[in-house]
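Have a look at the structure below before the remarks.
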There are 2 protein chains.
Amino acid sequence: MSTHDFDLADYAEGSEAESERALRVLRAQILTGSREPGSKLVERETAVELGISRIPIREAIKQLAAEGLVVQQPRMPAVVRQFTSRDVAELNEVRAVVERQAFLLAARRWEPEGLQELEAVLNRQAMAAEHGDNVDAQLASADFHEAVVYLAGNDLLMEMYGTISSRLRWLMTRRTYSPDVTNEHRKLFDAIAARDLELLERLATVHLKWKPEVLEPTEDF
Amino acid sequence: MSTHDFDLADYAEGSEAESERALRVLRAQILTGSREPGSKLVERETAVELGISRIPIREAIKQLAAEGLVVQQPRMPAVVRQFTSRDVAELNEVRAVVERQAFLLAARRWEPEGLQELEAVLNRQAMAAEHGDNVDAQLASADFHEAVVYLAGNDLLMEMYGTISSRLRWLMTRRTYSPDVTNEHRKLFDAIAARDLELLERLATVHLKWKPEVLEPTEDF
DNA sequence: GACATGTCCAGAGTATGCAGTATCCGGGGC
DNA sequence: GCCCCGGATACTGCATACTCTGGACATGTC
């Protein structure tokens with residue numbers, strides 16, 4: 001498995017189903033912002049745009065809703081999601097819980113090949129950061145976290161991470177890349193490789209910046 | 001919101017869409033075991049059974065797949081999932097991580113009405129246990145855990161819990177109810193009510209029986 | 001001018017038909 | 001007797017046509 005591939009749920013690599021293609025296209029459009037938050041996603045229109053029928057579009061939209069990228073109401077067109085500050089806070093909280101555990105499990109369970117993959121991702125991130133390539137660095141950074149979850153060796157945990165992964169990437173691509181991240185990832189990697197759980201716990205807590213804060217309601221983000 | 005209702009994703013209570021009904025029926029059949037693990041779920045047949053067309057059935061099956069109750073392969077009929085011992089181990093691990101955090105957050109954030117709801121669920125569980133009603137006790141026990149997650153006040157956490165909730169219930173209904181559970185839940189409730197985080201942490205660790213164990217591969221469960 | 005009611009329309013929900021693909025089974029060659 | 005291959009079968013994936021609902025707008029009424 002290639003952990004650095006974003007598409008978590010691709011089974012067939014050769015011939016791609018129409019619904020899969022629709023999903024990829026729409027997700028990319030939302031993540032890059034070419035479909036703006038709040039804009040409607042009308043089945044018929046989208047079907048015409050992509051040159052296929054409504055059924056695959058329906059499936060894709062359903063999946064996007066599951067990923068939290070669009071919101072669906074009965075008998076109404078799906079709407080590209082507006083994230084509120086509360087949404088972001090909730091996302092960070094959940095993310096911290098899942099990833100923190102992933103770090104610890106990864107340190108216990110890693111096997112050589114997986115660790116190598118992780119290191120490769122880390123190097124890719126470092127390279128991108130050196131070249132000042134904000135977008136690629138952010139992508140590689142997200143890949144790093146995803147690779148850690150993969151390394152934790154729990155498929156269900158990975159599956160759950162997949163459901164928030166899109167949202168995390170949506171957030172990340174809207175932030176500037178901080179060079180500190182590279183260093184922190186390097187330290188985290190070393191701690192995982194050394195299976196040093198105490199150190200890792202401290203590092204992870206800092207890196208995930210987690211504290212149980214008050215969740216304020218709903219400003220638009 | 002009624003946290004003790006199983007159906008996490010019901011928006012319309014009055015008129016129910018066909019796909020919703022199909023989902024409810026099929027899920028119930030799987031959870032009760034009247035559809036056996038390994039048995040096929042053929043779109044056409046199921047459509048005839050429920051007296052509707054294939055499209056709503058498709059949607060329902062997709063949702064069941066998302067809940068982990070059936071497995072889908074492209075161009076093949078969906079199959080009611082066989083859980084392996086590894087699946088169960090993974091489920092317990094993830095569940096422990098999520099719920100542990102939920103307990104702590106619930107203790108920090110509960111508000112009177114939510115706490116009352118939780119107590120009501122607890123009482124319902126105690127009643128069922130006293131009457132020796134295994135099934136109802138298990139249901140109420142699952143409701144208790146779900147109510148705690150709800151009390152944690154993080155919608156995203158609740159959403160993620162929802163994705164494993166069906167699987168947990170599948171497991172629970174296949175176990176005999178241990179009377180200890182009632183007592184442990186009572187203690188957990190008291191600790192939440194008292195916002196005693198240290199005590200709660202100890203209790204939760206015991207109750208969720210979590211230790212990072214080796215995940216062995218794949219025996220049928 | 002505010003509110004009720006009727007009409008129209010946009011768009012999701014559903015039904016059905018068709019095409020393509022994976023599996024199964026039987027026959028022929030080795 | 002075993003393996004390979006081809007056809008039949010079973011089923012999903014996709015397309016198209018139809019139905020139903022909720023909302024907007026206009027018209028009428030108080």
Side-chain angles (χ1 to χ4, degrees), chain A residues 7 9-27 29-30 35-82, chain B residues 7 9-27 29-30 35-82:
Chain A
D7 223 322
D10 56 340
Y11 37 80
E13 51 287 301
S15 65
E16 188 186 36
E18 299 285 30
S19 63
E20 294 286 327
R21 188 171 66 88
L23 176 58
R24 266 195 315 103
V25 171
L26 294 178
R27 179 162 50 202
Q29 289 178 346
I30 293 173
R35 282 192 189 267
E36 288 183 12
S39 66
K40 290 189 289 189
L41 210 59
V42 175
E43 285 186 8
R44 266 183 235 275
E45 293 174 7
T46 315
V48 172
E49 270 181 54
L50 300 190
I52 53 181
S53 85
R54 283 173 53 209
I55 305 287
I57 301 292
R58 280 178 73 87
E59 313 251 315
I61 290 179
K62 265 258 167 120
Q63 181 61 30
L64 290 173
E67 293 178 14
L69 294 182
V70 306
V71 185
Q72 275 188 308
Q73 294 263 324
R75 309 207 166 260
M76 299 261 281
V79 171
V80 178
R81 180 160 178 184
Q82 290 267 19
Chain B
D7 224 320
D10 57 340
Y11 34 81
E13 50 287 300
S15 66
E16 189 185 35
E18 299 284 30
S19 62
E20 294 286 326
R21 189 172 65 89
L23 175 59
R24 268 196 314 101
V25 171
L26 294 178
R27 180 161 50 201
Q29 289 178 344
I30 294 172
R35 284 194 188 265
E36 288 184 11
S39 68
K40 290 188 289 188
L41 207 60
V42 175
E43 285 184 8
R44 274 202 166 81
E45 291 175 9
T46 315
V48 173
E49 270 181 54
L50 301 190
I52 54 182
S53 85
R54 284 172 52 209
I55 303 290
I57 302 292
R58 280 179 73 87
E59 313 254 313
I61 289 178
K62 264 260 168 119
Q63 181 61 31
L64 291 173
E67 293 178 15
L69 293 181
V70 305
V71 186
Q72 272 189 310
Q73 293 262 323
R75 308 194 173 271
M76 301 255 284
V79 172
V80 178
R81 178 160 179 184
Q82 290 266 19

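To find a chain, count down the sequence lines: A is the first, B the second, and so on, and within it residues start at 1.
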What residues, two or more places apart in sequence or in another chain, satisfy side-chain contact (heavy atoms from CB on, under 4.5 Å) together with A:Pro56? A:Glu18, A:Ser19, A:Ile52, A:Ser53
With A:Gln72, which residues qualify under side-chain contact (heavy atoms from CB on, under 4.5 Å), at least two apart? A:Ile61, A:Lys62, A:Ala65, A:Ala78
How many whole angstroms separate atom CG of B:Leu23 from atom P of C:dG13? 14 Å
Salt bridge (charged side-chain N to carboxylate O under 4.0 Å, His left out) filter on B:Arg81, not counting sequence neighbours, yields B:Asp87
Can you sort out which residues in residues 52-60 of chain B have a heavy atom within less than 4.0 Å of DNA chain C? Ascending by number, please. B:Ile52, B:Ser53, B:Arg54, B:Ile55, B:Pro56
Can you name the residues that form a side chain to side chain donor-acceptor pair (under 3.5 Å) with B:Arg35, not counting sequence neighbours? B:Gln29, B:Glu49
Check side-chain contact (heavy atoms from CB on, under 4.5 Å) between A:Ala47 and all other residues, then give those that pass, not counting sequence neighbours. A:Arg54, A:Ile57
Those residues of residues 38-51 of chain B lying under 4.0 Å from DNA chain D by at least one heavy atom: B:Lys40, B:Leu41, B:Val42, B:Glu43, B:Arg44
List in chain and number order the residues that pass side chain to side chain donor-acceptor pair (under 3.5 Å) with B:Arg75, two or more places apart in sequence or in another chain; answer none if no residue qualifies. none
CG/A:Leu26 to CG/A:Leu64 distance, rounded to the nearest 0.5 angstrom? 6.0 Å
Would you call A:Arg58 and B:Glu59 a salt bridge, taking side-chain N to carboxylate O under 4.0 Å as the test? yes
Rounded to whole Å, CE of A:Met76 lies from C1' of C:dC9 at a distance of 15 Å
Applying a 4.0 Å non-hydrogen cut-off, can you work out what B:Gln73 is touching in the nucleic acid: base, sugar-phosphate, or nothing? nothing
Given atom CZ of B:Arg75 and atom P of D:dC11, what is their separation to the nearest angstrom? 15 Å
